[in-house]
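Each chain gets a letter, A, B and so on, in the order the sequences are listed, and its residues count up from 1. Worth knowing before you read on, the calculation uses all heavy atoms, side chains too, and leaves out hydrogens, waters and symmetry mates.
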2 protein chains.
Amino acid sequence: MAGRKIRNMEEFAEVSGISRPTVSKYFHDPGSVRKSTRARIEEALERYEYRPNIFAMNQNRRLTKNIGIVVPYLADPFFAEIARNLERRCIDAGFFPLLFSSHGEQAQENAILDSLRLLKPAGVLLAALGRPSDHDHIKRFCADVPTVLFDSYLDATGAAFVGSDHAQVLRLMVDYLCRSGQPPVYFEMRNPVNPNANRRRAGYVAAMESLGQTPEIVRVDGQGWNFEQIGFDGGGALIERGGFATDTVLCNNDRLAIGLIAAAYAKGVKVGRGPECTLRIAGMDDHPFSQFTCPPMTTIAQDYAAIADRSVETLFNVIENGALTEPRAETLFEGRLVMRDSA
Amino acid sequence: MAGRKIRNMEEFAEVSGISRPTVSKYFHDPGSVRKSTRARIEEALERYEYRPNIFAMNQNRRLTKNIGIVVPYLADPFFAEIARNLERRCIDAGFFPLLFSSHGEQAQENAILDSLRLLKPAGVLLAALGRPSDHDHIKRFCADVPTVLFDSYLDATGAAFVGSDHAQVLRLMVDYLCRSGQPPVYFEMRNPVNPNANRRRAGYVAAMESLGQTPEIVRVDGQGWNFEQIGFDGGGALIERGGFATDTVLCNNDRLAIGLIAAAYAKGVKVGRGPECTLRIAGMDDHPFSQFTCPPMTTIAQDYAAIADRSVETLFNVIENGALTEPRAETLFEGRLVMRDSA
DNA sequence: TTATAAAAGTTACGCGCGTAAAGTTTTTAT
DNA sequence: ATAAAAACTTTACGCGCGTAACTTTTATAA
C-alpha cells in the first residue's frame with residue numbers, strides 16, 4: 001500500500017512487471033495465467049491497490065459482468081427484500097448488479113431499459129410494472145438482452161419467467177379459510193397497479209368455485225402504491241357501512257391487509273380466530289412486517305430466497321447457453337401457508 | 001422511426017448530415033448550436049431514435065451526469081423512501097442516479113465506493129453505515145469525489161452533511177411524554193447498527209436531565225437489521241420479567257417500536273393513552289408503516305422530502321462551486337411530533 | 001459589398017480497456 | 001536433449017465518445 005498512484009492498467013502492468021494484455025487476462029480469469037505470473041500480479045496488487053475500470057472493460061467485452069435488476073417499486077418491502085437477495089447472489093457469482101426502480105411509472109421503466117442497454121449487461125432480471133408497462137418496449141429490449149422476468153408475468157416475453165403459482169397459492173388459502181370458518185370475501189383495489197392482481201383474483205374465483213362457493217369480490221378505490229393507506233381507508237369505510245358479506249376477508253396482498261387490520265382496530269372490530277373475534281383477515285406474500293401486525297397476520301409465504309436463487313440461476317443459464325427452450329421456461333413456486341392469528 | 005439501426009454517434013451524424021463533433025456538442029447542450037443545425041438534428045432524432053451511450057460519454061468528460069446514491073440498508077423502508085425521493089430529484093435535474101445498498105456490511109460499502117469512483121460521478125449522496133464504516137476509506141473517497149453525507153453523521157467527512165437534529169427531536173418527544181404522563185424509559189439495541197443511535201441516546205439523556213428526570217436506558221440483544229424482530233423478542237422478554245421502570249417507553253426508532261407494540265399485544269398488554277392502557281410506546285422516524293400499527297404509533301416525523309431536497313440541492317452546489325465553506329456545511333432538520341394513539 | 005465574428009466542419013488524439021495476430025520465452029512431454 | 005505445447009510479450013486496432021486545433025462556411029454588421 002504505497003508508492004505512486006496507479007491510474008490505469010498500463011501503469012499497473014508496468015509496476016508488476018507483466019504485460020498489459022496478460023494483466024487483462026488475469027482480471028478476466030485469474031486461473032488463465034501461469035502460477036508464477038499470478039503470484040507476481042497479486043503481489044503488486046497488494047502493494048498498489050489497483051482495480052480495473054469496470055465501465056471501460058464493458059466497452060469492448062462481448063460479455064460484461066453487469067447484471068441489471070429492475071423492480072417496479074423499491075419502497076415496497078417485498079421488492080426491496082427480493083432485490084436484496086438478487087444483489088447478493090449476483091455479487092457472490094462475481095457479477096456487478098445495478099439496481100433500478102421504475103417508481104411505478106411506465107416512462108421510468110422504459111428509460112431504465114434504454115439506459116440498461118447501453119450498459120451492455122450480461123443479463124437483466126426484470127420485474128415489470130405489469131399492466132402499466134409498455135409491452136412492446138419491453139419485448140424489444142428482451143430481444144437484445146438476455147432477460148429473465150420475475151414476479152410479474154408478461155406473456156411470451158423474456159427468456160424465462162420465475163414467479164409464484166398464484167392458482168396454487170389461492171387454492172391453499174381459500175381451502176384453509178373455508179375449512180376453518182366462513183368462505184372468504186376477496187378484497188382488492190379497483191385499479192390494481194400490483195402486477196399479479198389479475199392472476200390472483202382468477203385464482204380466488206377458481207378456488208371458490210371448485211369448493212362450490214360463490215366468489216365475492218370487494219373493490220376499493222385508490223391510486224398508486226400506497227396500499228396500506230388504501231386498505232385502511234377503503235376497509236374502514238366498508239366496516240362502517242356494515243362490513244363484509246362473510247366474516248372472513250382475503251386480501252390481494254399483505255400491504256392491503258395491514259391497512260385493513262389497522263382499520264378494524266380503529267373501528268373497534270376484533271380481528272382473529274378467537275371466540276370474541278368478529279372478523280378474520282388474511283393476506284398474501286408474507287411481507288416482512290406481517291408478523292408484527294396485531295394480531296399477527298395469517299398469510300401465504302413466498303420463498304424470497306428461492307425465487308431469487310432460481311431467477312439468478314436461470315439468468316446465468318440463459319447467459320451461458322442462450323434461451324434453450326423454445327416456449328420459454330417458466331418456474332412457478334408454490335406458497336406455504338403461514339398460520340398466525342388474524343385468520 | 002425507421003430505416004437502418006443507428007449504432008453510434010458517427011452513424012447518427014451521418015444520417016443527420018451534421019458532423020460528429022457538432023452532434024456531440026448538441027447533446028452536451030442543445031442551445032450551443034445554431035437553430036437550423038438543432039432543427040436538423042432533432043428531425044433526425046425523431047426518425048432514428050438514437051441516444052448517446054452515457055457510459056462512453058463519461059469516459060472523457062470532466063463532469064459526468066452520474067450521481068451515486070448509497071444507503072446502508074435498502075430493505076429498510078426509511079432508506080427506501082429517502083432513496084426514492086433522491087432518485088426522483090436527480091432525474092428531474094437531468095442527472096442519472098445509480099443506487100447502491102451496503103447491505104449493512106463494511107466490505108460492501110467499501111466495494112461500492114470503489115466502483116463508484118470508476119463511474120466518475122459528478123457527485124455522491126452517501127448515508128454511511130456509521131459505526132461499522134471504514135472511516136478512512138470513506139474519507140479518501142470524499143477527497144476525490146464531491147460527496148454529501150446524509151442521515152448518518154461522520155465527523156469532518158464529505159463536503160456537507162444533511163441530517164436531522166437529534167437533540168431537538170429527543171427534546172420534543174421527551175418533553176411531550178413527561179408533560180403528558182410518566183417520564184420515558186429509552187429502549188434500544190445493545191449494539192446498534194443504526195447509524196444515529198448514539199446521538200439519539202445522548203439527546204435522550206440531555207433532554208431528561210434538563211427536565212430534572214433521571215434517564216433510564218434499557219438495552220436488548222440482537223444482531224443485524226431485523227429491528228422489528230429484535231424489538232419483539234427483547235420487548236416480550238422484558239414485559240414478562242415485569243415490564244419497564246415507568247409505563248412509558250421511547251424507542252430508538254420506529255421499527256423497534258413496531259416490534260415492541262406487537263410484543264405488548266401478544267402479551268395482552270394494552271398500549272396507548274386511554275384509561276385502560278398500561279403502557280405507552282413512542283417511536284422515532286415516522287416510518288411509512290407506523291400509522292398502521294395497533295394502536296397507531298406516536299412518533300417524530302422526519303421530513304423525507306425536505307432532507308432529500310436539501311441533500312440534492314447541496315450536492316449540486318458543491319458540484320458547481322466546490323466545497324465552499326471550510327468547516328463543512330451542516331444542515332439539521334427539526335422533527336415534528338406526530339401525535340397518534342400509542343403514547 | 002466587404003470585413004468580421006460566430007458557428008460548423010475536419011482532423012486527430014485520448015479515455016481505459018478488450019482482443020487479435022505474430023513473435024518470443026518458458027514449461028511440459030517425449 | 002529436443003520437440004511440442006503453453007504462456008507470455010509486443011504491436012496494433014477498436015469500443016463510443018470528448019475535445020482541442022485548425023480550416024471553411026455562414027450569419028451579422030458596417
Side-chain angles (χ1 to χ4, degrees), chain A residues 5-42 44-45 48-66 96 114-122 144, chain B residues 5-45 48 50-66 96 114-122 144:
Chain A
K5 274 200 180 180
I6 303 299
R7 306 213 158 279
N8 53 37
M9 195 180 279
E10 183 109 36
E11 288 187 19
F12 177 76
E14 200 173 306
V15 300
S16 67
I18 306 289
S19 74
R20 190 178 67 75
T22 303
V23 170
S24 172
K25 235 178 121 195
Y26 167 84
F27 280 110
H28 186 89
D29 174 12
S32 69
V33 304
R34 203 185 296 152
K35 210 168 61 179
S36 60
T37 308
R38 189 170 33 206
R40 287 173 68 186
I41 291 177
E42 278 163 2
L45 220 40
Y48 287 97
E49 179 171 18
Y50 157 82
R51 290 179 49 180
N53 184 323
I54 191 170
F55 298 94
M57 284 172 53
N58 293 345
Q59 205 143 266
N60 300 328
R61 231 174 185 154
R62 302 145 197 276
L63 207 61
T64 74
K65 288 290 186 178
N66 295 337
F96 186 78
D114 291 345
S115 305
L116 222 35
R117 201 193 299 266
L118 304 179
L119 260 169
K120 298 190 187 168
D144 297 349
Chain B
K5 275 201 178 179
I6 303 299
R7 306 212 157 281
N8 53 39
M9 194 179 279
E10 184 109 37
E11 289 186 20
F12 177 76
E14 200 173 305
V15 300
S16 67
I18 306 288
S19 74
R20 191 180 67 75
T22 304
V23 170
S24 172
K25 235 177 122 193
Y26 167 84
F27 280 110
H28 185 84
D29 174 13
S32 68
V33 304
R34 203 187 298 150
K35 209 168 62 180
S36 60
T37 308
R38 187 169 40 210
R40 288 173 68 187
I41 291 178
E42 277 162 4
E43 181 196 329
L45 219 41
Y48 288 98
Y50 157 80
R51 289 180 49 180
N53 184 322
I54 190 173
F55 298 95
M57 284 173 52
N58 294 344
Q59 204 144 264
N60 299 327
R61 232 176 185 150
R62 304 145 197 276
L63 207 61
T64 74
K65 287 291 186 177
N66 295 337
F96 186 78
D114 291 345
S115 305
L116 223 33
R117 201 195 299 264
L118 303 179
L119 260 168
K120 296 190 190 170
D144 296 350

Name the closest nucleotide to the Pro21(A) side chain, picking from dG16(C), dA8(C), dT19(C).
dT19(C)
Can you tell me which nucleotide in dC17(C), dT11(C), dT9(D) comes closest to the side chain of Tyr50(A)?
dC17(C)
Please report the distance, rounded to the nearest Å, between CG in Asp29(B) and C1' in dG18(D).
15 Å
Could you check how far CZ of Arg117(B) sits from P of dC15(C), rounded to whole Å?
19 Å
Kindly point out which of dG18(C), dT10(C), dT9(D) is positioned nearest to the side chain of Met57(A)?
dG18(C)
N/O (side chain, Ser19(A)) to phosphate O (OP1/OP2, dT9(D)) under 4.0 Å:
yes
Do you know the tightest heavy-atom contact between Met9(A) and Pro52(A)?
CE-CB, 4.2 Å
Within less than 4.0 Å of OP1 or OP2 of dG18(C), is there a side-chain N or O belonging to Ser24(A)?
yes
Rounded to the nearest 0.5 Å, how far does OG of Ser36(A) lie from CD1 of Ile41(A)?
9.5 Å
Which atom names give the shortest non-hydrogen contact between Ser19(A) and Ala13(A), and what distance separates them?
C-CB, 3.9 Å
Of all heavy-atom pairs between Glu11(A) and Ile6(A), which one has the smallest distance, and what is that distance?
OE1-CA, 3.7 Å
Given dG18(C), dT9(D), dG16(C), which nucleotide is nearest the side-chain atoms of Asn8(A)?
dG16(C)
Could you state the atom-to-atom distance from NE2 of His28(A) to C1' of dA20(C) in whole Å?
14 Å
Side-chain-base donor-acceptor pair under 3.5 Å for Arg20(A) and dG18(C)
yes
Please report the distance, rounded to the nearest Å, between CZ in Arg40(A) and P in dC8(D).
10 Å
Nearest heavy atoms of Pro121(B) and Leu116(B), plus distance in Å:
CD-O, 2.9 Å
Side chain of Val33(B) (C-beta onward), nearest among dC8(D), dG9(C), dA8(C):
dA8(C)
Shorter than 3.5 Å, N or O on both sides, protein versus nucleotides 2-6 of chain D: list them out with atom names.
none

What is the distance, rounded to the nearest whole Å, between atom OH of Tyr26(A) and atom P of dT9(D)?
15 Å
Rounded to the nearest Å, what distance is computed from the NZ atom of residue Lys25(A) to the P atom of nucleotide dG18(C)?
13 Å
What's the CG-P distance between Asn66(B) and dC15(C), to the nearest Å?
20 Å
Expected output: side-chain Arg40(A) to main-chain Gly17(A) donor-acceptor under 3.5 Å:
yes
What's the closest nucleotide to the Ala56(A) side chain, out of dG16(C), dT19(C), dG16(D)?
dG16(C)
Applying salt bridge (Lys or Arg N to Asp or Glu O under 4.0 Å), can you list everything that pairs with Arg51(A), at least two apart in sequence or on another chain?
Asp114(B)
Would you mind reading off the distance between Ile18(B) atom CD1 and dT25(D) atom C1', rounded to a whole angstrom?
13 Å
Considering heavy-atom distances to DNA chain D, does Pro52(B) or Thr37(A) have its closest nucleotide positioned more toward the 5' end?
Thr37(A)
Over 60° means perpendicular and under 30° means parallel, so classify the ring planes of Phe27(B) and Phe12(B), tilted if in between.
tilted
